[in-house]
Amino acid sequence: MANFAEIKQNLDPSFHYIIFEKTVNPGDGPDFSEVSTFLTRYKKSVIEQAVHRDPTGKHVLFVVKLSADELDEISQEILNLTFPEDITVYVYGRRPSIETA
């Protein structure tokens, strides 16, 4: 079990992450079938996946660790998708540094 703050604190800044948060009833299993279907198109970019239930049992978090290559494309596609109302999506990653002359 981990809460959202603990998960964010443990993200490796050299990778990108998409976190899907779903509100559930205590005792319900995590159902991220919509997310899993979406991610199958990007399986070469997915390094790791983990499901965490927060200590209250009211939220399940599906954490997806990604290689940097596809983040822009995946993020753009997520914005165009319609997930169920009970799923919130967060995207974390290092911003590319901007070089100035």
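One-based numbering along the sequence shown.
Counting heavy atoms from C-beta outward, E21 and V60 have side chains that stay 4.5 Å or more apart. A heavy-atom distance below 4.5 Å is not found between the side chains of E48 and L66. Between K22 and F62, the closest side-chain pair of non-hydrogen atoms is not below 4.5 Å.
Residues S67 and I47 approach most closely at N-CD1, 3.6 Å, considering heavy atoms. Taking each heavy atom of V64 and F20 in turn, the nearest pair found is CG2-CE1, 4.1 Å. Residue Y17 comes nearest to V63 through the heavy atom pair CD2-CG1, 4.0 Å, listed as atom of the first residue, atom of the second, then distance. Pairing each heavy atom of H59 with each of V24, the nearest pair is N-CG2, 4.3 Å.
In this structure, the separation between NZ on K65 and OG on S14 is 7.0 Å, given to the nearest 0.5 Å. Distance CD1/I7 to CG/L61: 4.5 Å, rounded to 0.5 Å. Atoms NE2 and CD1, from H52 and I19 in turn, are 8.5 Å apart once rounded to the nearest 0.5 Å.
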